[in-house]
Amino acid sequence: MSKAKLRSSLLAVLRCNTAHSTAINFPNVSNSALSSQLPSNCISLSQLPSTAECFRLWRSSRCECLNNLRFPSRVFSSRSAEASDLKLRCWNCGAAAPTSVVFLVCDSCRSIQPLDQSVDYFQIFGLEKKYEIGDVNLESQYKDWQKKLHPDLVHSKSDREREYAAEQSARVIDAYRTLSKPLSRAIYILKLEGLDVNEEDTISEPELLNEIMEIREAVEDASGSQELNQIQSQMQEKLNHWSNTFAKALRNRNFDDAISSIQRMTYYERVKEEITKKL
Amino acid sequence: MAEPIYTVASDSETTGEDRSAPIFPEIAVGIDIGTSQCSIAFWNGSQVELLKNTRNQKIMRSYVTFKDDTPSGGVINELSHEYDMLSGAAIFNMKRLIGRVDTDPVVHASKSLPFLVQTLDIGVRPFVAALVNNVWRSTTPEEVLAIFLVELKMMAEHQLKRPIRNVVLTIPVSFSRFQLTRVERACAMAGLQVRLMPEPTAVALLYAQQQQQQAVHENMGSGSEKIALIFNMGAGYCDVAVSATGGGVSQIKALAGSPIGGEDLLQNTMKYLLPNVESIFSHRGIDEIRRMGLLRVATQDAIHKLSFQSSVQIDVNLGNGSKLCKVLSREEFEMVNSEVFEKCKNLVNQCLHDARVGIDDLSDVVVVGGCSNIPKIRSLLMQKSKKKALYEGMNPLEAAVSGAALEGAVASGIADPFGSLDLLSIQATPLAIGIRADGNSFIPIIPKNTTMPARKELVFTTVKDNQSEALIVVYEGEETRAEENHLLGYFKIIGIPPAPKGLPEITICMDIDSSNMLRVLAGARLPGAHHPATPFMEVKMPTVDDGHGWCAEALHGKYGAAMDLVSLQKKS
Ligand SMILES: [Zn+2]
């Protein structure tokens, strides 16, 4: 493959294949999001309750359709004073919510509770809101939740509870998927901090661009699975490195570095994916 | 035999919305209607049991004969001879035809069957007919399916002494949602409410139950997580799944499927044995149908024998003085069908890739279905998985139906004092669902292998200044070009506020609920606006009914790119 062709295909990969091709020529794009630390200043569409959100609310008729659009970032508000003031009780039997674990299912009557968006993914898995989650077994916890929440298991219950089951179950799926991968976990934790990282359209540094291009060239030229496996493990090393860098940046609340770590992780992940396709 | 009584559901509601409380205690029933064989199983309170027909068969033939005036199926009916099935009076392989249009290669491959499959090649349903007293009498795949469903239902009601209304039915992975509506229609005709379950996921649930029991037996608590590769190949379809099982929960990580199966092996081999087979058969005279039948039976028999011996002698008298005498070796059989086996291998590779699972992570490789005895299939899977042995814990012909009955039992909330139903199957979407945008591209909104229930959205924008309408064409599939996927339906968004192109935000949200119902929600607004410009649209999919092959073409011809969309922004 010629260099020019390679570059153009690289550009295509780095750029999201969507309508607006911001990215490469505008190095400041990624910084605009983080320069405004106040969530209210950087409301992007994703911080409004999404259409999916409204759809859900609408279907369970807990909201007059889309009028709720004007309440931004309700989704990611931390579980602060207002939440703890409110004594949560089971909608079915009235039993009080336990204080130690997140209240998705009532311990007394096994009823599935309505979705509470203020509960974050970490709380669902009983984790501290920290990037490093150690070797906690998410998979088995995820399955335990599904056994309590999955809509297939409440077919004989009321419409109301089946709706709760569908919502809770879907949220646990999202939580599991998000937390189980370092990259998505990193993006999520920044989201909780009020920073929306768009992994699709951010690349600013020519060095990184060059490095990625060289790697891709190496992948292109690799003569066998052994070589590919070698690049693969190099990528894994880089991922581990930037994952650690991200963790450190986050601890120091250095969001610039955190975001640039995420960008790098995104590209190395992509290379890995490409290698997997070739293997 | 009494004429089966059909109850036909209303047009829009082929899926079960009726949740009225059952008068009789619920019994969980699973049905597997294969391309060539069918079976029915129920949960007897402690385990799954397969029902037998009056001839003591658990695995029955999937066909319907139209003799005299009463159609009758392979559940109750007994053929005096195998050739009777090939006389043109019997309709079979309907699972390969249901919900397909006459431009589909699978439909074309069915044209060499002894009954009539006629195509006009314009994207409408094919014409199917049985030969009754020298007359081609028309029928439909739905009707044929409904007939054996009624027979299975009657048989089960008789033996279990209660009415059967709710069943779990297994379906191929590659079925589109449109095909599912046709299966649901057949079930409704037979008076059944169905829950549809992809075949390998039913097998995965059975596997989860077996692992759970073993863990309890060995006192290992809930046991460790096991990744299984499930390969299910019958007469009509080849399906692959990767599941992660632990604590009785089977999470489907990836699915892959294709309409290839034993029927293709059979047809390829017939063509090899008698190269001019198609021209001999093209006129469809009664003699020709009979001769074709003789060849089919002999070939089927030979393929079966080749699973156990390395070569087979074939002797068929084809009438008119022509005879076929040949020794067919296993190598020849494998060579003739190398393309089919290659496709099987590709499906396995794709599924493992999509599941992001390495060979070393696989605990077990489960091979089931009518083709599971074929040595090439077994060696292919052992080679691919680098395993010396395949999983042996289940009967390959009974696995899918047993899993379906288990799913029925788990989902119906039947009392389970021993905890043997402490199971769950978490499904994933077998195909991506999205819309046509960015020119003629298929833009998935809910990707393939998304865990269900699922809800996803994407934002699009207009391609023209002051574009006030957008055509939303919904497809399901894996192809990059929109029209190569299955069309599910279409509708228009109107009242997009006037603005330069690229500015309005058109949000398309897709939702698959716990009963596998797909809804598409769409709305338009200008950036920053808190309110949508016009009421949102909510559309249940699929909306296409028939002739969907030419719908898409007609839409394109009429509107061109006037109401197109491009994607705006990636969101999860
Ligand atoms: Zn309660």
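Protein chains get the first letters and strands the later ones, always in sequence-line order, with residue 1 at the start of each.
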To the nearest 0.5 Å, atom CG of A:Asn240 lies from atom CD of A:Gln236 at 5.0 Å

Measure distances from B:Ser250 to the heavy atoms of chain A and classify the residue's part below 4.5 Å as side chain, backbone, both or neither. neither

Option from B:Arg519, B:Lys456, B:Arg455 for which side-chain hydrogen bond (donor to acceptor under 3.5 Å, both in side chains) with B:Asp511 holds: B:Arg455

Relative to chain B, which segment of A:Gln146 carries a heavy atom at a distance below 4.5 Å: side chain, backbone, both, or neither? both

Could you tell me which portion of B:Asn349 (side chain, backbone, both or neither) has an atom closer than 4.5 angstrom to a non-hydrogen atom of chain A? neither

Quick check on B:Ile443 against chain A: is it the side chain, the backbone, both or neither that has a heavy atom closer than 4.5 Å? neither

Where do B:Val463 and B:Leu565 come nearest, in terms of heavy atoms and distance? CG1-C, 4.1 Å

Test B:Glu225 against A:Lys143 for salt bridge (Lys or Arg N to Asp or Glu O under 4.0 Å), laying out the working first. CA-CA 11 Å; B:Glu225 165 108 343; A:Lys143 283 181 175 157; 3.0 Å; yes

Any sub-3.5 Å donor-acceptor pair from A:Gln168's side-chain atoms to A:Val105's backbone N or O? no

If I measure from the heavy atoms of chain A, does B:Ala411 come under 4.5 Å with its side chain, its backbone, both, or neither? both

Contact class of A:Ser169 relative to chain B, heavy atoms under 4.5 angstrom: side chain

Please check if atom NZ in B:Lys345 has more than 12 non-hydrogen atoms from other residues, nucleotides or ligands closer than 6.0 Å. no

side-chain contact (heavy atoms from CB on, under 4.5 Å) with A:Tyr176: which of A:Tyr121, A:Phe125, A:Trp145? A:Phe125

Top of B:Gln427, B:Gln251, B:Glu407 for chain A proximity - count of heavy-atom pairs under 4.5 angstrom: B:Gln251

Heavy-atom cut-off 4.5 Å, strictly under: side chain, backbone, both or neither for B:Ala437 against chain A? neither

Contact part of B:Ser441 toward chain A, heavy-atom cut-off under 4.5 Å: side chain, backbone, both or neither? neither

